Student: 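Structure incoming, see below.
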2 protein chains.
Amino acid sequence: MSQRPQTSPKALTEVEDRFIAQWGEISALWGVNRTVGRIHALLYLSRQPLDMETITKRLQISHGNCSTSIRDLLAWNSIRRVHVPGERRVLYESEQDPWTWFHACIRERRRREVVPVVDAMHEITDHAKLSADAADAAGSPEAGDLHDAFERIARFAKFMDEFQDLIDAFLAVGAGPLGKALRTVAKFVPKAR
Amino acid sequence: MSQRPQTSPKALTEVEDRFIAQWGEISALWGVNRTVGRIHALLYLSRQPLDMETITKRLQISHGNCSTSIRDLLAWNSIRRVHVPGERRVLYESEQDPWTWFHACIRERRRREVVPVVDAMHEITDHAKLSADAADAAGSPEAGDLHDAFERIARFAKFMDEFQDLIDAFLAVGAGPLGKALRTVAKFVPKAR
DNA sequence: CGGTATTGTCAGTAAAGACTGACAAGTCAA
DNA sequence: TTGACTTGTCAGTCTTTACTGACAATACCG
């Protein structure tokens, strides 16, 4: 409980803190909890796997929060459990190649968010088509508007399909050598504007 | 003020509502306010530009909320103001091509979020390098750890640079014919897994 | 210009999301 | 198995974000 003086100004801690804070901001920006991002950053920087107590002390968070955040990171395949023989505590480590990590994130996001949304769009499109045709058959005055709505909805559904194709193409070339080559090419594409 | 009965069950309204709700969810998923997404969806579906009162009634939101959301949509270049001569009210309409809209979104996101973050990463990398070299010069025991941290941070900064190149390449091919051709190609890239 | 219809702003409030800490459940050495 | 240590869960609380509605500012008509 007593206030111990800092053992040293700790240049290392300061460097790490900046990076951790920044990664937290980036995460928040992309819809990921800030704390989740900070833990990930800490593990990415660490030379060896860390246990929960070390993480909670370093980032000043409760172990409940830490436990939940780690569950998230595991679900996103951003970190791995490490078991050390003769050690009760569970340790965690992060993937060290950012592109491999990013690739895993995109795959997960595709699975959770893109696929369900694409499916929902198809259902909505089908429903719109049925409504429009039914209005035709009934000679309803809405028929024209319904066909128009169907066309706009179908156009958006097609966009979503193509968007998913783009993601699939990215996942196919992946974090490996082909992906690396393409990213090198990207560097030399003449900029717009 | 009196309760008028619905004029009809309105198949059109139901079709629109489904699409609007879904777009709202998609928006929320990508860090955009749900209401902002719903207004955008409504304008995308509408055959003619709409004024604020129509939007507030249709989506059951306050005009304050609507005003703020429309400001956001304008800032994202997702909708346009339309002035009709001899009409006091301002009308709004949405871009009708989803890829053109998406392109504008990405450009804006790059400007607001990617560029500042890439810059911050460079600063952090420089700072880490300076600290590591200073520790070397001082013969500090932290020197090894600092060089290690610098390497990891630099690796991530490089990833961010490449990520930005990828976005720039996308923006360069754009929503035009070249982009369309590439999206067609994407469709036939063999899938991973 | 004065009057009115429309839009913008923002303080206060409501809703959603994140965090803590107490307790439960699980794990492992002895 | 027991007992100590570690991790998981979740009700309650705190923080952040979204929304409403009253008032202010603006634009346009006659």
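Just so it is clear: chains get the letters A, B, ... in the order the sequence lines come, proteins before strands, and each one is counted from 1. Computed from a prediction, not measured in an experiment: that's the story for all the values here.
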Student: Check the angle between the aromatic planes of A:Phe170 and A:His103 and answer parallel, tilted or perpendicular using the 30° and 60° thresholds.
Tutor: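 Ring orientation, 0 to 90° scale: tilted.
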Student: Note the angle between the end axes of the helix from C:dC1-D:dG30 to C:dA30-D:dT1, five pairs defining each, rounded to 10 degrees.
Tutor: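 Roughly 30°, once rounded to the nearest ten degrees.
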Student: Mind calculating the distance between CD1 (B:Ile55) and P (C:dG8) to the nearest angstrom?
Tutor: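 It is 11 Å, rounded to the nearest whole Å.
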Student: Mark up nucleotides 5-17 of chain D, 5' to 3', with B wherever a protein heavy atom is under 4.0 angstrom from a base atom, S wherever such an atom reaches only the sugar-phosphate, and - elsewhere.
Tutor: BSSBB--------
Student: Nearest whole angstrom, please: distance from the P of C:dG21 to the CD of A:Gln60.
Tutor: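 From A:Gln60 CD to C:dG21 P: 11 Å.
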Student: How close or far is atom C1' of C:dT7 from atom CG of B:Leu73, stated in whole angstroms?
Tutor: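 One finds 16 Å between C1' of C:dT7 and CG of B:Leu73, rounded.
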Student: Which hydrophobic side chains are connected to B:Val82, either touching it within the sub-4.5 Å cutoff or through other members that do?
Tutor: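 Direct or chained contacts put B:Val82 with B:Val84, B:Leu91.
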Student: When clusters are formed from ILVMFWY side-chain contacts under 4.5 Å, directly or step by step, what else is grouped with B:Phe150?
Tutor: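 Answer for B:Phe150: none, a lone residue.
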Student: For B:Ser94, check side-chain contact (heavy atoms from CB on, under 4.5 Å) against everything at least two apart and list the hits.
Tutor: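 B:Ser94 satisfies side-chain contact (heavy atoms from CB on, under 4.5 Å) with B:His40, B:Leu43, B:Tyr44, B:Ile79 only.
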Student: Between A:Thr35 and C:dA18, does any side-chain N or O lie under 4.0 Å from OP1 or OP2?
Tutor: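 The answer is no; no side-chain N or O of A:Thr35 sits under 4.0 Å from OP1 or OP2.
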Student: With sequence neighbours left out, write down each residue that passes side-chain hydrogen bond (donor to acceptor under 3.5 Å, both in side chains) with A:Trp101, or none if nothing qualifies.
Tutor: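 side-chain hydrogen bond (donor to acceptor under 3.5 Å, both in side chains) list for A:Trp101, sorted by chain: A:Ser78.
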Student: What integer distance in Å separates B:Leu59:CG from D:dA18:P?
Tutor: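 Spelled out: CG on B:Leu59 to P on D:dA18 is 17 Å.
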Student: For nucleotides 11-14 of chain C, print each protein N/O atom paired with a nucleotide N/O atom at under 3.5 Å, atom names and distance only.
Tutor:
none

Student: For A:Val32 and for A:Gly86, locate the closest nucleotide of DNA chain C by heavy-atom distance; then report the residue assigned to the nucleotide nearer the 5' terminus.
Tutor: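 By nearest-heavy-atom nucleotide position, the 5'-most residue is A:Val32.
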Student: According to salt bridge (charged side-chain N to carboxylate O under 4.0 Å, His left out), does anything in residues 115-129 of chain B pair up with another residue at least two apart or in another chain? List the pairs.
Tutor: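 Only B:Lys129-B:Asp133 qualify under salt bridge (charged side-chain N to carboxylate O under 4.0 Å, His left out).
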Student: For residues 95-106 of chain A, pull every pair meeting salt bridge (charged side-chain N to carboxylate O under 4.0 Å, His left out), keeping only residues two or more places apart or in separate chains.
Tutor: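 For residues 95-106 of chain A, and leaving out neighbouring residues, the salt bridge (charged side-chain N to carboxylate O under 4.0 Å, His left out) pairs sorted by first residue read A:Arg80-A:Glu95.
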Student: Flag the pair A:Glu151 and A:Arg155 as a salt bridge only when some basic side-chain nitrogen lies within less than 4.0 angstrom of an acidic carboxylate oxygen.
Tutor: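 A salt bridge is absent here (no side-chain N lies under 4.0 Å from a carboxylate O).
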Student: Mind checking if B:Gly31 touches a base, just sugar-phosphate, or nothing, with heavy atoms under 4.0 Å?
Tutor: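 The answer is nothing, as B:Gly31 stays clear of every strand by at least 4.0 Å.
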Student: Starting from A:Leu182, walk the hydrophobic network (Ile, Leu, Val, Met, Phe, Trp, Tyr; side-chain heavy atoms closer than 4.5 Å) and list everyone else you reach, by chain and number.
Tutor: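 Besides A:Leu182, the hydrophobic cluster comprises A:Val173, A:Leu178, listed by chain and residue number.
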Student: Which residue pairs satisfy the salt bridge (charged side-chain N to carboxylate O under 4.0 Å, His left out) criterion with at least one member in residues 41-68 of chain A, sequence neighbours excluded?
Tutor: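 The answer is A:Glu16-A:Arg58, A:Asp17-A:Arg58, A:Arg47-B:Asp145, A:Arg47-B:Asp148, A:Asp51-A:Arg89, A:Glu53-A:Lys57, A:Glu53-A:Arg89.
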Student: With sequence neighbours excluded, what pairs up with B:Trp99 under the ring-ring contact (aromatic ring centres under 6.0 Å, His included) test?
Tutor: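 Testing B:Trp99 for ring-ring contact (aromatic ring centres under 6.0 Å, His included), a comparison that skips the adjacent residues, returns A:Phe159, B:Phe102.
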